[in-house]
Amino acid sequence: MTDDLDRRLRVRLERLADAVPMSPEQAEDGGAVVRPRLATRPSLGALTARVGALLVVAVVIVVGGSDRTPTTGAESPPAVVATGAPPSPSPSPSASPTSQTEPSAEQIAASVQFRSFFGLRADEEWIRAVYGDPTANYYNFGVPLLPAEADQVFAKSGTTIGTPDIVAGYGATVPEDWAGLYIDQAAGGRVVALFKANLAEHEQALRALLPVDANFEVRSATWSTQELDTFMTQVEGERDWFPTIGTSFYTVEPGNVRDFAGVRVLFKGPDASAADAIEAHFGSPPWLRAIWYGPEEWTGPRGDLEIYVRDTAGRPVAG
Amino acid sequence: MSPARSLDELTGGSVEVAIEPARDNDQTLAMAAAEHRPWLLRRLALVVGDAAEAEDLTQQALLRAVERWPLPEGYDIARWLAVVGMRLAIDERRRQRRWGFVPIRDTDQSWAMATDPDLWRALDDLDRRTRAALAMTVLDGYTQDEVTEILGVPRGTVASWLARGKARIRVALEDEP
C-alpha cells in the first residue's frame, strides 16, 4: 500500500517538478529532471564509514567540554574539520576549509569577541569549523554562526546586531505605526522599514539604534501590522459564510505587495467569479482582495479523459 | 582559482572561464552548476512553492559552492547542493518569521495549481520540512536515516513528518482510478 502510494506520489511529484517555470538559461539541460541521488547511491561500506566519522565527531565534541555542545546534525561542525578524518563521501554539506574559507587572525578575533559577548562557544577550533560549514550564516551578524547559534542570539534580549533584527525589534515597540519590513535585494540588500505614520520620528529613532553605515530606509505603508491582524481576524470570523455562496474559505494572509496593501482571502469554488461577492460581503473595503484558490476537490466519480485528434482529412493524428 | 570570477560567469553567462578541474571527476564548477541548477531549482520549488524564491535559494546554494570550490575529494556535489539548498529553504522562512517579514510580491504557486491542484493543495497544507523530507525520500530515493542527517533532526521526527505527510497525500490521491 505504501509502495503503491510512493509510486503514485513519485509520478505526480515528477510531473509537478517538471512544471516549475524556469528561463531557458536555467534549463540548460533542456528541462530534464536529473535525479542525482538514485544514480549515486553510496555503497553500504561508504554509509558505514560516514556513520563512523559522525561518531568520532560526537566524541571530540564531548571531550571539548563545551556546555553548548550542539545536539543535532544541523548544529554540528563539519565532520572533516573536527575529526581530521580522511575524505569520504560524507552526507554532511560541510566541507573542510579550503583556502577560501580559512579565516584570518582578525576574523577569528572578531568571532571570539562576538561569541564571548553572546555566550557562545568561542575557541579557535570551533570557530574554524564553523567557517568551513556552508550552513553557517554570515549575513546577519558579520561573523559566521551555525543556525542553532543564530537562534540562541536571536533568543537573547533585544541586544541583536543584525539590522533587520534591530529594525523589527524597534517596530514592535510602536505597534500602532509598525507595518513590517522587507529586504530590497535590488538595492544591495537594503532593509526597508515600513511605518504607517510618523516616518521622520521613526527614522531618527532607528538611526540612533543602527550603525552609521547601516543600509536601511524608511517608507510609508497604508496599514500597520496591528490593523492587518484585525482585518484578518474579521475575515476569518466569517469563514462559515463562504459555503452560503457555494465557496469555501481557504486562508487569509497579509498582502503588502507592490500593487496592493491589505489582506488577501483565498477561497475555493467553481471559478473566480465569487471574488466580487466576497469582497462585497465585507463592504468592499480597500484593504481586502479575494483570490480564487482553485476548485473544490472533486468528490464524485473519476475516470480517464481520452482525446483523439484528427486532421482535416479525418486521419488520426499521432501523439 | 580566480577570486574575481563572478557567479554569472560560472553558471551560464556567455563568458568562457578556465576553471581548475575538480579532482574527482574532471567536472568544472561551471559544468556542475549548469548540470545541477535545474533539478535543484525544481526540488526547492516543491519545498517553498514559489518558483522565484526557489531560484533565489538555488543561487545562494551555488554561491556557497563557489566559495568552497573545489569540494574535498569524494564529496558528491549533487548531495552537497541538496543539503545546503534544503537547509536554506527551511532556515530562511524561520528567519523571515522572526523579522515580521513583509513580502514585496505575491507568492506565485500558479504553476503548481495549474499542474496538479489536488496534490499541491495537499502539499501546501504541510510545512516546508515535511515537503522537503517527502521530496527527498519519494522523489530522490534518500533513506530516512539520510534525511535525518541532511536536515539535522532526530530520526523519529523525520519518520513522524513522513507518516503525517503521506497520510495527507493519501487522502488527496486515494479517489483516483
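Chain letters run A, B, ... following the sequence lines, proteins first and then strands; every chain starts at 1. Just so you know, these numbers come straight off a predicted model, no measurement behind them.
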- Message: Counting heavy-atom pairs closer than 4.5 Å to chain A, which one of Asp145(B), Leu119(B), Leu134(B) comes out on top?
- Response: Leu119(B)
- Message: Counting only non-hydrogen atoms closer than 4.5 Å, does Tyr293(A) touch chain B with its backbone (N, CA, C, O), its side chain (CB onward), both, or neither?
- Response: both
Using every non-hydrogen atom in the two residues, find where [X] and [Y] come nearest and quote the distance to one decimal.
X: Leu16(A); Y: Trp111(B); result: O-CZ3, 3.2 Å
X: Ala51(B); Y: Val20(A); result: CB-CG1, 4.3 Å
X: Ala17(A); Y: Arg43(B); result: CB-NH1, 4.3 Å
X: Arg15(A); Y: Thr115(B); result: O-CG2, 3.9 Å

- Under a 4.5 Å cut-off applied to non-hydrogen side-chain atoms, are Leu123(B) and Leu13(A) in contact?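 Heavy-atom side-chain distance check passes, below 4.5 Å.
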- Item | Validation row: Ile169(B), Arg12(A) side chains within 4.5 angstrom (heavy atoms) | no
- Walk me through it: do Asp6(A) and Lys166(B) pass the test side-chain contact (heavy atoms from CB on, under 4.5 Å)? CA-CA 9 Å; Asp6(A) 282 358; Lys166(B) 287 184 180 179; 2.9 Å; yes
- Quick one: side-chain hydrogen bond (donor to acceptor under 3.5 Å, both in side chains) partners of Thr157(B), sequence neighbours excluded? none
- Note on the structure: In this structure, CZ of Arg170(B) is separated from CZ of Arg8(A) (nearest 0.5 Å) by 8.5 Å
- Leu46(B) versus chain A, the contacting section by heavy-atom distance below 4.5 Å: side chain
